[in-house]
Each structure stands twice: as structure tokens, then as C-alpha cells.
Amino acid sequence: MGGWPDSLTVEVYDGTGPAPADLSEVRLYVLPYAKGPETVRLAGRMPKLEVVQSLSAGVDALLPHVPPGVTVCNGRGLHDASVAEHVVGLILAAQRELPRWVRDQAEERWRPHFTRSLAGSRVLLLGYGSIGAAVEARLLPFETTVRRVASRPRPAESVHGVDELPDLLPDTDILVSTLPLTAETTGLLDARLLAALPDDALVVNVGRGGTIDTAALLAETRSGRLRAALDVMDPEPPPPGHPLWSTPNVLITPHVGGGSATFYPRAERLIAEQLRRYAAGEPLLNQVTRPA
């Protein structure tokens with residue numbers, strides 16, 4: 001890439017292989033995307049660090065490793081299109097039983113039957129931010145009814161608060177969660193709320209795995225009452241033999257919702273703009289408010 005100011009010395013570490021030995025002069029660190037916890041812990045070896053730029057929307061795993069006084073910026077907006085496409089793909093795969101047809105093809109079996117549909121479904125978007133809005137924009141042309149839920153109600157935008165979930169879930173065919181992992185969202189979708197969903201509802205999670213009580217979700221899916229399509233889960237990845245792998249009503253993808261081709265050019269544009277702003281002393285984009 002390129003496009004950064006001449007006044008900056010920029011070195012590139014892509015997260016593969018050993019990190020540079022001397023990090024003592026690093027002032028702005030762009031975290032390599034999806035390269036594991038070691039790249040996160042590098043921030044602790046940067047005594048002059050001023051800014052950490054994450055390319056993920058969620059920074060819950062990053063914040064504990066960033067020294068006090070360091071500005072944290074997230075990748076808000078970079079993943080909207082990619083994650084929204086993945087949500088639609090998961091829903092269509094589950095509703096139209098694509099995994100079953102793939103297995104039948106591999107075994108040369110021809111067993112046609114009618115399936116569920118996306119058209120006419122009542123969808124609840126839990127976590128209505130930029131990704132939720134992107135999901136909504138793609139689902140509405142499928143003739144769905146969409147309701148929006150966020151941490152707090154925003155009546156002017158027709159957004160409900162999470163405290164309304166017990167009343168909203170019984171009228172939901174497809175629940176899509178894009179929630180980040182916070183103290184308030186950890187285990188939010190517990191046995192009580194999952195039980196409020198109607199029979200045969202689909203639970204889609206592309207936010208963070210810890211927002212759903214895995215034991216409660218498995219109880220509902222193993223009984224056949226609910227179905228799930230998960231790009232994130234808890235534990236992640238599930239260890240060998242974990243029931244998430246084998247429950248018939250559960251479809252898993254390995255946390256790849258944000259990692260499509262559309263992400264990389266957007267990430268490069270954001271990095272170049274942040275470096276320009278940093279060099280000019282201008283406010284940085286996507287600054288994250290730290291918990292008190």
C-alpha cells in the first residue's frame with residue numbers, strides 16, 4: 001500500500017513470523033488483522049506508544065493489553081458489507097438447507113423436498129449499529145420484516161432497547177446478533193430469552209460468542225426446538241468432540257464473516273487516512289471510549 005505522509009517513518013509487520021526486536025520507538029501501532037493474541041500483546045513492548053489502530057470492530061480482547069493513556073481506534077465500518085453478506089449467506093443456507101444438499105451431493109442422493117423461506121420471515125437485529133444497518137439493507141429486499149434492538153432504545157430511529165427482548169422474541173423467526181462482548185452483553189441470550197423464541201426459530205451470531213449461553217443454546221438446538229448458524233461461538237474454536245460440531249441443527253463457520261475481499265481495500269484506506277490525521281495532529285477516526 002502506501003499513501004502515508006513523508007514525515008512518518010512507517011515499517012510493516014503483517015503478524016507472520018517473529019516481530020521486530022526493537023519496538024521502543026513505535027508511537028502508532030496498526031494491529032495485524034486476525035493474527036492471534038501474540039500481536040495484541042506486542043503493545044506492551046512499546047513504551048512510547050500513543051495510538052493503537054485495530055482493524056476489528058470489537059476491541060474487547062485488545063483493551064486489557066493496551067497501556068493507560070494510549071488512544072484505541074477500532075475498525076468500525078470496515079466489515080459492514082462483508083459481515084452483512086455472511087449473515088445473508090448463513091440465513092439462506094439454514095433456511096434452504098444447503099448443508100443437507102451438499103451432503104446429499106457427496107453421497108449421490110436425490111431427495112428433493114420443500115424447505116423454509118427467508119421471504120416472509122420476521123427478523124430481529126440485536127445490536128443495531130453500522131453492521132446491523134448493513135444487514136437490514138440486504139434483508140429488506142428479501143421481503144422480510146425487520147425490527148431493530150440496541151443496548152438502549154432510540155425511538156426516533158425505531159430502535160427498541162434490550163429490556164424489550166422478552167416481548168419481542170416470541171414474534172421472531174430469525175434472530176441476528178451482532179453484539180460486542182461487554183459486561184452487559186456477556187451471556188445476555190440465556191436460557192430464559194432463548195426459551196422466548198418460537199419453535200423452529202433460527203439464531204444467527206456474528207458478533208461475539210460469549211453473548212450467548214452456549215449450554216442453553218445447545219439444550220434448545222439438540223432438542224430440535226431451535227436452530228443456529230454461528231460464525232462466532234464460545235468456546236472458539238470448539239475443542240474436538242464438543243457438541244457444537246455435531247448438533248444437527250447447528251451450522252458453523254470459523255469466524256470468517258469479516259474476512260472477505262471487500263475488507264482489504266477499505267482497511268488500507270482507513271490506515272492511510274489515520275496516518276495522515278496523526279501526522280497533521282487532527283482527531284483520529286473511530287476512537288473507542290474506554291470503560292471507567
Side-chain angles (χ1 to χ4, degrees), residues 83-97 115-155 157-181 184-234 247-253 257:
V83 173
E85 287 179 355
H86 201 72
V87 168
V88 174
L90 287 173
I91 293 174
L92 288 173
Q95 296 296 93
R96 301 308 298 267
E97 300 185 28
T115 68
R116 303 168 189 87
S117 176
L118 177 52
S121 295
R122 301 165 297 177
V123 181
L124 188 149
L125 299 178
L126 178 56
Y128 191 78
S130 63
I131 291 177
V135 173
E136 179 185 54
R138 287 156 177 80
L139 287 179
L140 289 175
F142 282 91
E143 303 177 28
T144 61
T145 300
V146 174
R147 285 180 297 182
R148 308 163 173 174
V149 178
S151 56
R152 284 177 281 283
R154 305 198 297 266
E157 302 173 51
S158 300
V159 176
H160 300 271
V162 292
D163 58 333
E164 299 177 66
L165 282 174
D167 297 322
L168 298 172
L169 290 174
D171 295 318
T172 298
D173 300 309
I174 301 172
L175 168 63
V176 178
S177 175
T178 60
L179 290 173
L181 190 66
E184 292 75 24
T185 64
T186 298
L188 174 66
L189 290 170
D190 56 11
R192 179 180 67 94
L193 289 181
L194 292 174
L197 286 164
D199 291 353
D200 202 45
L202 174 66
V203 178
V204 180
N205 192 5
V206 292
R208 286 293 182 267
T211 60
I212 299 181
D213 182 328
T214 299
L217 181 63
L218 281 170
E220 293 281 13
T221 52
R222 295 175 93 174
S223 73
R225 200 186 76 80
L226 296 181
R227 299 171 295 126
L230 310 173
D231 188 50
V232 295
M233 57 224 72
D234 181 25
T247 302
N249 287 330
V250 176
L251 170 63
I252 288 177
T253 57

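Heavy-atom basis, side chains included; hydrogens, waters and symmetry copies ignored.
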Restricting to side-chain hydrogen bond (donor to acceptor under 3.5 Å, both in side chains), what partner residues turn up for Asn249, sequence neighbours left out? none
Once you round to the nearest 0.5 Å, how far does CG of Leu175 lie from CD1 of Ile212? 7.0 Å
Exam field: side chain Thr247 to backbone Arg222, donor-acceptor pair closer than 3.5 Å: no
Point-to-point distance, once rounded to the nearest 0.5 Å, from CG of Leu126 to CG of Leu179: 4.0 Å
Roughly how far, to the nearest 0.5 Å, is the CD1 atom of Ile91 from the CG atom of Leu118? 6.0 Å
Nearest non-hydrogen partners of Asp173 and Gly120, listed with the distance: OD2-O, 4.3 Å
Side chain to side chain contact (heavy atoms under 4.5 Å, CB included) between Thr253 and His86: does it pass, once the steps are laid out? CA-CA 10 Å; Thr253 57; His86 201 72; 2.9 Å; yes
Show the numbers, then the answer: is there a side chain to side chain contact (heavy atoms under 4.5 Å, CB included) between Thr144 and Ile174? CA-CA 10 Å; Thr144 61; Ile174 301 172; over 6 Å; no
Determine the minimum heavy-atom distance between Leu90 and Ala229, stating which atoms define it. CB-CB, 4.0 Å
Mind checking the CD1-CG spacing from Ile131 to Leu125? Nearest 0.5 Å is all I need. 11.5 Å
Decide side chain to side chain contact (heavy atoms under 4.5 Å, CB included) for Val88 and Phe142; before the verdict, give the C-alpha distance in whole Å, the side-chain angles of both, and the deciding distance to 0.1 Å. CA-CA 10 Å; Val88 174; Phe142 282 91; 4.0 Å; yes
Hey, is CZ on Arg96 packed in by over 12 heavy atoms from elsewhere, all under 6.0 Å? no
Taking salt bridge (charged side-chain N to carboxylate O under 4.0 Å, His left out) as the test, write out the residues that go with Arg147, two or more places apart. none
Heavy-atom pair of closest approach, residues Leu194 and Arg225: O-NH2, 2.9 Å
Checking side chain to side chain contact (heavy atoms under 4.5 Å, CB included) for the pair Thr172/Leu197: CA distance, chi angles, key distance, verdict? CA-CA 7 Å; Thr172 298; Leu197 286 164; 4.0 Å; yes
Flag the pair Val206 / Val135 as yes when at least one side-chain heavy-atom distance between them is below 4.5 Å, and no otherwise. no
In terms of heavy-atom contacts, Arg208 and Asn205 come closest through O-ND2, 3.1 Å
The salt bridge (charged side-chain N to carboxylate O under 4.0 Å, His left out) partners of Asp213 (sequence neighbours excluded) come to none
Taken in chain and number order and not counting sequence neighbours, the residues that satisfy side-chain hydrogen bond (donor to acceptor under 3.5 Å, both in side chains) with Arg148 are Tyr128, Glu136
Looking at Ala93 and Leu251, what are the two nearest heavy atoms and their distance? CB-CD2, 3.9 Å
Any chance you could measure Arg116, atom CZ, to Leu202, atom CG, to the nearest 0.5 Å? 8.5 Å
Do side-chain atoms of Thr214 reach the backbone of Asp234 as a donor and acceptor pair under 3.5 angstrom? yes
Enumerate, atom names and distances included, each donor-acceptor pair closer than 3.5 Å involving a side-chain atom of residues 161-170, sequence neighbours excluded.
{"unit_1": "Glu164", "atom_1": "OE1", "unit_2": "His160", "atom_2": "ND1", "d": "2.9"}
{"unit_1": "Glu164", "atom_1": "OE2", "unit_2": "Gly161", "atom_2": "N", "d": "3.0"}

Residues at least two apart in sequence or cross-chain that pass salt bridge (charged side-chain N to carboxylate O under 4.0 Å, His left out) with Arg192, listed by chain then number, are none
Looking only at heavy atoms, which two atoms of Ser121 and Gln95 are closest? And how far apart? OG-NE2, 4.0 Å
Measuring from atom CG of Leu124 to atom OG1 of Thr145, what distance do you get when rounded to the nearest 0.5 angstrom? 12.0 Å
